[in-house]
Amino acid sequence: MEFSLEEIARRVGGEVRGDNRVRIRGVAPINSAAKGDITFISNPKYVKALKTTEASAVIVPPGISDDSKNLIVSENSYLAFARTIEMVYGPKARPSCGVSGEARIHASAKIGRGVNVFPGVFIEQGVSIGDGCDLYPGVYVGKGSAIGSDCRLFPNVAIMDGCMIGSRVLIHAGAVIGSDGFGFAREGQVQHKIQQIGNVVVEDDVEIGSNCCIDRAVLGSTVIGRGTKMDNLIQIGHNVVIGPNCTIVAQVGVSGSTKIGSNTVIAGQVGITGHIEIGDNVEIGAKSGVINSIPSNEKYLGIPAAPISTARKTYALFYDLPEMRRELSRLRRELDALRKELEEK
Amino acid sequence: MEFSLEEIARRVGGEVRGDNRVRIRGVAPINSAAKGDITFISNPKYVKALKTTEASAVIVPPGISDDSKNLIVSENSYLAFARTIEMVYGPKARPSCGVSGEARIHASAKIGRGVNVFPGVFIEQGVSIGDGCDLYPGVYVGKGSAIGSDCRLFPNVAIMDGCMIGSRVLIHAGAVIGSDGFGFAREGQVQHKIQQIGNVVVEDDVEIGSNCCIDRAVLGSTVIGRGTKMDNLIQIGHNVVIGPNCTIVAQVGVSGSTKIGSNTVIAGQVGITGHIEIGDNVEIGAKSGVINSIPSNEKYLGIPAAPISTARKTYALFYDLPEMRRELSRLRRELDALRKELEEK
Amino acid sequence: MEFSLEEIARRVGGEVRGDNRVRIRGVAPINSAAKGDITFISNPKYVKALKTTEASAVIVPPGISDDSKNLIVSENSYLAFARTIEMVYGPKARPSCGVSGEARIHASAKIGRGVNVFPGVFIEQGVSIGDGCDLYPGVYVGKGSAIGSDCRLFPNVAIMDGCMIGSRVLIHAGAVIGSDGFGFAREGQVQHKIQQIGNVVVEDDVEIGSNCCIDRAVLGSTVIGRGTKMDNLIQIGHNVVIGPNCTIVAQVGVSGSTKIGSNTVIAGQVGITGHIEIGDNVEIGAKSGVINSIPSNEKYLGIPAAPISTARKTYALFYDLPEMRRELSRLRRELDALRKELEEK
């Protein structure tokens with residue numbers, strides 16, 4: 001599809017600086033964009049690339065200007081960028097295989113309208129799949145699980161038995177929803193398995209990355225709240241409850257029974273201990289180790305996690321430790337010398 | 001199933017305080033339990049919930065009492081809880097599909113009695129599967145691998161060729177057993193692959209979490225000892241040998257050729273370097289980075305891992321670093337002033 | 001196959017010390033090797049095992065000698081070891097199932113000569129697979145993806161649509177190439193998905209470990225450079241570009257748009273932030289958290305990552321923090337006492 005810059009600005013939310021008739025046919029990264037492409041600056045590091053890009057136009061946040069370029073200035077420039085991609089390329093095309101005769105679907109399962117079930121999918125007894133879902137090859141849906149409408153289950157996703165998945169949920173390849181929580185009762189040298197009889201509830205509009213693992217509850221439900229987005233390779237322990245609209249970056253681990261509020265952002269490789277509460281609108285910096293509850297609206301960082309200003313000040317001088325120790329030794333020497341001198345007087 | 005509190009206490013090991021005739025029909029989390037449910041306190045944090053729970057009875061460890069509630073007091077209350085779940089809900093139901101004609105099983109493979117092999121399973125030449133196993137859709141078992149009796153291989157588990165799996169082993173969805181160890185010989189700018197001709201041996205009663213990766217040995221075997229329990233997303237390098245009854249929490253990584261003793265507990269996101277030895281009954285705290293061998297019966301924590309008392313003392317004052325530096329500056333100023341004063345006298 | 005020690009030394013590159021006619025029939029670990037086996041010392045920790053091994057010969061680096069053993073001394077002893085395994089056991093045997101009638105291959109897909117496609121593989125429209133590839137059960141290749149020659153795609157690997165895989169690429173079980181990058185534009189409490197319309201390019205001779213996740217670019221390509229080797233459970237974000245011949249150990253995470261040069265080695269569990277540049281020949285120590293760009297030829301370590309000499313000095317005295325604080329208190333007391341004494345004089 002091809003649009004004028006003016007049409008794009010109007011539909012994605014922004015104001016044109018420059019030639020609003022320039023024609024846009026593609027969206028490309030700033031360093032490889034060519035004539036006819038629109039590009040985007042998200043990160044101040046790329047402002048200098050504005051000078052050299054061959055793009056016909058650039059979407060920028062307020063405060064960036066360049067008279068030699070055609071710009072769309074947008075208050076939420078990242079959202080304008082997202083909408084421009086959708087406008088130029090349209091929504092992602094869905095498959096159209098219908099319900100394959102080579103999928104294994106239990107007679108009792110209910111499959112909605114407009115569903116694609118690829119060959120090699122396995123759907124167990126009592127499952128329901130809502131309208132407009134796509135189940136790619138190798139997907140497994142266990143007994144009694146229910147999936148809402150317009151979900152995408154990419155290849156080799158496993159939904160174990162009894163799990164509830166909302167609508168418009170995307171689950172990327174290899175993710176496992178509802179495998180057993182990690183619970184054992186030690187008796188001397190033996191670990192007795194605790195049956196995990198709960199389930200997982202994934203609410204509407206959630207996205208779950210590739211090879212994530214979300215364990216079923218021992219009792220009750222592990223919950224991923226509405227609109228929460230999870231990156232790849234994340235571990236969610238049994239009975240964890242995550243609120244709506246959180247953002248959880250790759251390789252995070254959350255231990256059992258911890259509660260997380262809404263709109264909370266957890267950066268990559270963070271570990272969160274079990275049985276604590278993280279509030280709403282919390283931000284946790286990458287690689288942090290969280291061992292205590294965090295109230296709402298706080299930013300935490302570090303191992304162990306601390307309020308971000310404390311953590312930043314500390315980490316900023318962490319590598320001064322050797323110099324601090326040398327200074328300690330000097331002070332000791334000088335103090336002892338001074339005392340000796342004083343005694344001799 | 002329904003039981004009196006007395007029957008439960010007798011069978012799971014505990015003593016009733018309160019009405020031993022009360023009827024129990026379900027097990028539920030303390031905050032959502034209703035009349036007819038029994039619940040459980042594992043963590044002191046939940047003691048206050050004892051006041052408000054609507055459960056008909058609560059399993060507690062010794063030392064917790066509440067005259068208004070019916071209690072089962074048990075020395076090993078976590079084990080009593082595990083047994084209560086089994087008693088009320090029975091063992092987890094097995095599938096009953098038998099050996100599907102839509103599974104691909106090599107003619108030379110030996111399949112025991114009472115085995116379920118779902119459609120979409122692939123079993124290679126020379127494989128043997130013991131009695132009472134369940135192989136879910138998408139499971140792959142490579143050439144010459146042997147699996148004992150009563151194992152559960154959940155969807156999309158891959159057992160590569162030549163691996164030995166014991167009896168009563170649970171392997172959760174997406175786990176990979178026996179993929180190549182990470183071994184290359186550098187020659188200038190080229191990395192030559194070192195054929196990994198060993199295998200993986202998983203002993204009896206092991207549980208392996210979803211999307212774990214256990215690499216085959218370059219020579220000999222990578223070993224997971226009897227009764228060891230592994231959570232999700234764990235990486236075990238080639239030639240690692242783990243002893244019996246260990247507990248390994250999610251996202252741990254163990255590098256090649258390291259040996260781990262028995263009954264050792266490794267918390268989440270720990271990394272352990274290669275070619276070292278971790279003893280028996282060791283406990284390693286979450287997120288630790290272990291770079292040296294650890295003797296038996298020690299508790300370690302931290303990056304780099306240190307004896308836990310050392311680590312705790314240090315981490316407890318880590319965020320005092322900025323104040324320590326300010327104090328250093330004050331001491332320096334005051335000492336210099338004092339010296340000057342002394343010189344002037 | 002059986003060889004004399006002399007033949008092995010000649011073909012793998014090394015010099016015999018001892019009996020060059022001794023017959024070698026196997027390769028085994030130093031502690032379990034028997035008569036007829038050759039073994040190998042890679043790590044100085046194992047030198048003492050040289051005394052007790054029953055191996056008929058040992059490959060060693062220069063500088064290790066033992067008159068009681070038959071040795072092959074090799075400048076690149078690790079490479080000599082790799083070649084000895086290949087010599088004694090031959091290259092790994094390929095499957096020979098041909099293109100299975102039970103694989104689902106779109107009519108428009110092009111499959112090269114000598115390709116094995118197992119039952120349960122799914123190949124979409126417009127895919128091309130080069131000569132000599134093996135696609136194991138459960139592999140999915142999405143629309144328009146192209147795979148070079150002599151690749152191995154192990155069970156349940158998913159290559160999403162539009163990705164380009166070079167030749168001689170090994171992708172271990174459960175790895176996911178080309179799932180959506182993690183990109184959302186926040187608007188108040190809603191996170192709008194940014195269509196990820198780029199792809200992944202994996203160049204020749206790359207190896208990708210089990211359950212790795214490599215996300216497709218939002219625009220353009222995520223790139224894994226020629227000859228780079230990746231261990232298991234690694235997360236590569238969208239638009240990351242990794243150069244040739246890197247070594248990336250298990251559980252590493254690289255955030256979006258970061259660039260990594262050539263021959264760089266990244267140890268286990270490292271996290272690298274987005275939008276930075278790591279140079280050529282860089283080494284990053286295990287568990288590091290990299291938050292700034294690193295120039296070529298540097299070694300970095302720590303959280304946050306610092307030049308390795310700085311980091312080592314600091315971590316070496318990290319656990320002296322409690323003693324440093326006690327010394328600070330002593331200095332304070334003594335200085336105050338001294339001042340008082342001086343004032344009194």
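Order of the sequence lines fixes the chain letters, A, B, ..., with proteins taken first and strands second; residue numbering starts at 1 for each chain.
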*Among B/Val270, B/Val218, B/Val190, residue most engaged with chain C (heavy-atom pairs, under 4.5 Å)*: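 Option with the greatest count: B/Val270.
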Check each atom of [X] against the heavy atoms of chain C and say whether the ones under 4.5 Å are side chain, backbone, both or neither.
| X | answer |
| --- | --- |
| B/Ala311 | both |
| B/Asp180 | both |
| B/Leu233 | both |
| B/Ser257 | both |

_Salt bridge or not between C/Lys92 and B/Asp161? Use side-chain N to carboxylate O under 4.0 Å._
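Here C/Lys92 pairs with B/Asp161 in a salt bridge, since their nearest N and O are under 4.0 Å apart.
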_Just checking B/Arg312: does its CZ atom have more than 12 heavy atoms from other residues, nucleotides or ligands closer to it than 6.0 angstrom?_
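Counting neighbours around CZ of B/Arg312, 12 or fewer heavy atoms of other residues, nucleotides or ligands fall under 6.0 Å, so no.
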*Count the heavy atoms belonging to other residues, nucleotides or ligands that lie under 6.0 Å from CD of B/Glu323, then report whether that count exceeds 12.*
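Count over threshold, so yes.
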*After noting the C-alpha distance and the side-chain angles of B/Gln195 and C/Glu86, does the key distance pass the side chain to side chain donor-acceptor pair (under 3.5 Å) rule?*
CA-CA 7 Å; B/Gln195 292 296 335; C/Glu86 290 257 352; 3.1 Å; yes
_What verdict does the side chain to side chain contact (heavy atoms under 4.5 Å, CB included) test give for C/Leu321 and B/Met324, after you've listed the backbone C-alpha separation in whole Å, the side-chain angles of each residue and the deciding distance to 0.1 Å?_
CA-CA 10 Å; C/Leu321 256 186; B/Met324 285 173 66; 3.8 Å; yes
*asked:* Check for me whether the distance between the ring centres of C/Tyr78 and B/His192 falls short of 6.0 Å.
replied: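 Here the rings of B/His192 and C/Tyr78 have centres that are no less than 6.0 Å from each other.
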*Top residue by heavy-atom pair count (under 4.5 Å) with chain B, among C/Asn156, C/Leu170, C/Leu331?*
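Winner by heavy-atom pair count: C/Asn156.
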